[in-house]
Amino acid sequence: MLNPKSLKKEKAAVVSIWKNMTVQELADALGKDLDTVFEIFIYVENSDPYDSPTAVIDNLKVIQDAVKRAGLRFKIDNPEDKKEKVKENKDVFRRPPPKESDLIPRPPVVTIMGHVDHGKTTLLDALRHSAIVDTEFGGITQHIGAFSVKLDSGEEVTFLDTPGHAAFKAMRARGATVTDVVVLVVAADDGVMEQTKESIQHALEANVPIVVAINKIDKPEADIPRTREMLLHNGLQLEEDGGEVQAVPVSALKGQNLNLLVEAIVTQAELLNLKADPRGLVEAVVVESKLDPGRGKVATCVIERGTLRKGAVLVAGTAWCKVRNMFNDAGKSVKAAPPATPVQVIGWRELPSAGDLILEVESERQATEVVHWRNHEFKLEKQEEEQAAIQDKLNEHLRVYKAQLEEKRRLGIRFKRRRREPRKKENIELDTGPRVSVVLKGDVDGTVEAILNVLDTYHSEECQLDIISYGVGTVSPNDVTMASSFNGSIYTFNTQVPPDVRKMAIAEGVTIKENNVIYHLVEDLKKELSENLPFKEVEEVLGEANVIEEFVITEGKKKVPVAGCRCVKGTLKKEALYRVIRGQDTIQEGMLSSMRHLKSEVATINRGNECGLKFTDESLRFEPGDTLVCYKINKVQQVTDWDPGF
């Protein structure tokens with residue numbers, strides 16, 4: 001047998017305390033939240049003054065008693081040992097502006113913008129003698145493309161092709177901020193559309209000069225004067241109207257007037273006198289990033305300063321890399337990338353976000369220090385954002401605590417002998433309504449960002465939409481496990497599903513919905529949301545009858561009223577629901593217990609026939625002129641009213 005004396009009681013943990021520690025420091029030492037600490041204070045003598053997180057507890061006895069109440073032991077420590085050392089700022093920034101003597105001419109960066117299907121990519125194809133549009137799903141650009149083009153005139157130009165679809169607003173804004181000139185493509189048949197207005201706004205906000213290409217002039221319905229007038233109404237004063245904005249009518253499909261457009265772009269670039277410093281540490285911007293199955297993490301960058309070479313160490317946001325290799329838009333390896341050159345960089349430890357500033361650092365050690373510092377700053381910013389919510393909760397707790405304190409003072413010693421009531425359990429309200437859980441995987445970072453922005457427009461209390469995970473690259477086994485755990489689906493955008501992962505998804509019962517056009521993805525998601533909405537009850541009127549006279553019949557010892565009626569509309573059915581209307585008021589709703597025609601019990605009464613109707617509620621009395629409406633309730637599948645804006 002076991003000897004109880006031989007069983008050693010487990011000792012309580014020891015925490016460090018010191019005089020003049022704050023309530024928050026005490027909570028951290030105990031490993032408790034502030035609510036628990038304030039509740040402990042109710043049973044601690046002389047704890048009344050310490051009613052805020054920053055309150056300094058100058059009474060060491062209060063601290064010791066609080067630790068004992070928490071079931072712990074204490075030791076007195078030096079508070080100086082507990083103070084966190086202030087971290088040294090390890091961040092890196094842009095270099096000071098270069099001297100004029102260090103600058104050399106550089107090619108212009110030209111962003112092509114405009115409404116969807118107005119011919120932006122076709123125009124770029126015509127300028128660079130390629131066929132990009134054939135590789136775009138649905139003929140729609142869905143991520144930023146960066147291309148270095150040598151024009152027929154001999155000039156080098158870097159083109160950025162931005163999406164015109166409504167979902168890619170953030171990408172267009174990014175394209176406007178890294179460019180020297182915006183070529184605004186406007187279809188002569190459609191004129192100025194919604195994304196055209198948005199592109200104009202982005203260019204004006206970035207203070208970037210605009211060259212307008214009025215495209216599709218070969219179409220019979222093209223109306224160039226109307227298009228010019230629409231541009232004027234949207235804040236662009238063309239040269240023909242005394243302004244400074246050049247407008248060139250072109251046909252990208254037929255190659256008409258392209259030389260005039262090139263001349264306008266080159267002229268605008270010459271006026272800007274574009275120069276850059278090709279020496280020193282590199283400064284660039286991430287245009288797009290993706291997870292390539294063969295190359296790993298890839299970021300498309302446009303160099304702004306310095307010359308990027310293999311082996312350089314770069315930092316972008318909270319990601320860094322040592323450049324293993326660089327490729328141009330044709331997929332060929334390049335040794336050096338001078339200013340205004342677009343390149344794809346591989347070697348990233350983490351995938352940078354589109355729009356991030358890239359800065360070259362001296363070593364890998366410095367890169368890791370910068371990333372650690374930025375992650376530290378990010379956590380601090382997040383804590384500050386959450387502080388308001390925490391403070392609101394604390395204020396509410398202090399209000400309750402002070403009320404309990406007043407009650408304690410009123411009761412005096414009796415309060416300490418026993419609790420006034422058992423501790424109330426926290427009621428956590430769980431949302432048990434319909435929910436659609438989604439794992440999202442996309443081809444590039446900017447596309448995933450655009451889809452998330454679209455999904456942020458969904459707001460409905462009838463069916464929740466949960467994005468449980470998202471990322472760039474192919475679907476992984478972890479994605480399937482995540483979707484299975486939350487009973488969700490996987491939505492992919494222009495990315496692959498490995499065969500083994502597809503088999504795993506089938507085995508787990510996880511649906512993978514693959515898309516390569518963004519509005520197809522949104523339509524699939526809207527369909528799934530609609531399928532998960534609760535059925536809506538819709539009333540269908542079957543028929544209508546007028547009460548001619550009330551009859552009272554005897555059933556056993558009871559007298560039961562019966563409505564003598566004539567069916568005036570549709571059909572009356574015995575198993576349906578009925579509503580009794582007198583004047584303008586509904587006085588009763590219910591079901592029938594009997595429907596008779598002459599002396600026979602029947603199931604239906606057609607229009608023009610008379611019948612006797614007895615309700616299950618035998619207290620209901622009828623009057624001549626009452627209207628009886630026969631109806632049934634149909635459950636209809638709802639359709640989500642989500643409007644993503646396109």
Side-chain angles (χ1 to χ4, degrees), residues 87-99 102-104 106-107 109 144 146 148 158 160 174 177-178 276-381 444-446 449 471-473:
K87 290 189 176 182
E88 182 183 354
N89 189 334
K90 298 286 187 177
D91 209 350
V92 289
F93 305 94
R94 289 181 181 269
R95 291 182 285 152
K99 297 178 182 178
D102 294 334
L103 302 178
I104 62 171
R106 67 165 176 83
V109 179
I144 289 183
S148 185
T158 294
L160 301 182
R174 213 160 37 237
T177 57
V178 299
D277 179 10
R279 292 175 289 277
L281 297 176
V282 169
E283 297 174 12
V285 65
V286 179
V287 175
E288 195 56 273
S289 61
K290 64 179 180 179
L291 191 60
D292 188 278
R295 296 175 177 174
K297 300 177 179 69
V298 181
T300 302
C301 319
V302 175
I303 311 302
E304 295 183 333
R305 187 177 180 182
T307 300
L308 183 60
R309 291 181 172 84
K310 185 178 177 180
V313 181
L314 307 177
V315 174
T318 56
W320 72 276
C321 87
K322 184 174 183 179
V323 179
R324 291 207 322 259
N325 210 341
M326 298 181 295
F327 303 89
N328 60 17
D329 58 278
K332 295 181 179 179
S333 178
V334 294
K335 294 181 179 180
T341 303
V343 287
Q344 293 183 339
V345 176
I346 63 174
W348 294 92
R349 301 301 195 273
E350 297 293 336
L351 202 63
S353 296
D356 281 351
L357 173 66
I358 297 177
L359 296 174
E360 184 181 1
V361 295
E362 299 289 350
S363 64
E364 294 184 34
R365 178 179 178 181
Q366 185 184 3
T368 56
E369 288 177 345
V370 171
V371 169
H372 287 158
W373 169 259
R374 290 181 176 179
N375 283 325
H376 170 69
E377 289 292 291
F378 176 75
K379 289 178 182 177
L380 291 181
E381 289 177 7
V444 296
D445 179 75
E449 175 196 31
V472 175

Those residues at least two apart in sequence (or on a different chain) that pass side-chain contact (heavy atoms from CB on, under 4.5 Å) with Ala276 are Arg106, Pro339
Looking at residues at least two apart in the chain, or sitting in another chain, which of them share a side-chain contact (heavy atoms from CB on, under 4.5 Å) with Ile104? Pro278
Taking side-chain hydrogen bond (donor to acceptor under 3.5 Å, both in side chains) as the test, write out the residues that go with [X], two or more places apart.
X      : value
Thr368 : none
Asp91  : Arg374
Arg295 : Gln344

Work out which heavy atom in [X] is nearest to a heavy atom in [Y]; give both atom names and the distance.
X      : Y      : value
Leu357 : Ala284 : CD1-O, 3.2 Å
Arg279 : Asp102 : NH2-O, 3.1 Å
Ala336 : Pro338 : O-CD, 3.7 Å
Leu103 : Pro98  : CD2-CG, 3.5 Å
Val287 : Val302 : CG2-CG2, 3.5 Å
Arg349 : Glu364 : NH2-OE1, 3.7 Å

Any side-chain heavy-atom pair of [X] and [Y] under 4.5 Å:
X      : Y      : value
Trp373 : Glu369 : no
Cys321 : Val345 : yes
Leu359 : Arg94  : yes
Lys90  : His372 : no

Arg365 atom CZ, over 12 foreign heavy atoms within 6.0 Å: no
Enclosure of Glu350 CD (heavy-atom neighbours >12, cutoff 6.0 Å): no
Is it true that a side-chain atom of [X] and a backbone atom of [Y] form a donor plus acceptor pair closer than 3.5 Å?
X      : Y      : answer
Ser289 : Pro352 : yes
Thr158 : Ala340 : yes
Ser363 : Gln366 : yes

Mind checking the [atom1]-[atom2] spacing from [X] to [Y]? Nearest 0.5 Å is all I need.
X      : Y      : atom1 : atom2 : answer
Glu381 : His376 : CD    : NE2   : 10.5 Å
Asp356 : Thr318 : CG    : OG1   : 7.5 Å
Lys99  : Asp277 : NZ    : CG    : 11.0 Å

State which residue, out of Ile346, Val313, Leu308, Val343, fulfils the side-chain contact (heavy atoms from CB on, under 4.5 Å) condition with Val323. Leu308
Could you check Leu281, Val282, Val315 and say which one makes a side-chain contact (heavy atoms from CB on, under 4.5 Å) with Val361? Val315
Any salt bridge (Lys or Arg N to Asp or Glu O under 4.0 Å) pairs touching residues 310-319, not counting sequence neighbours? none
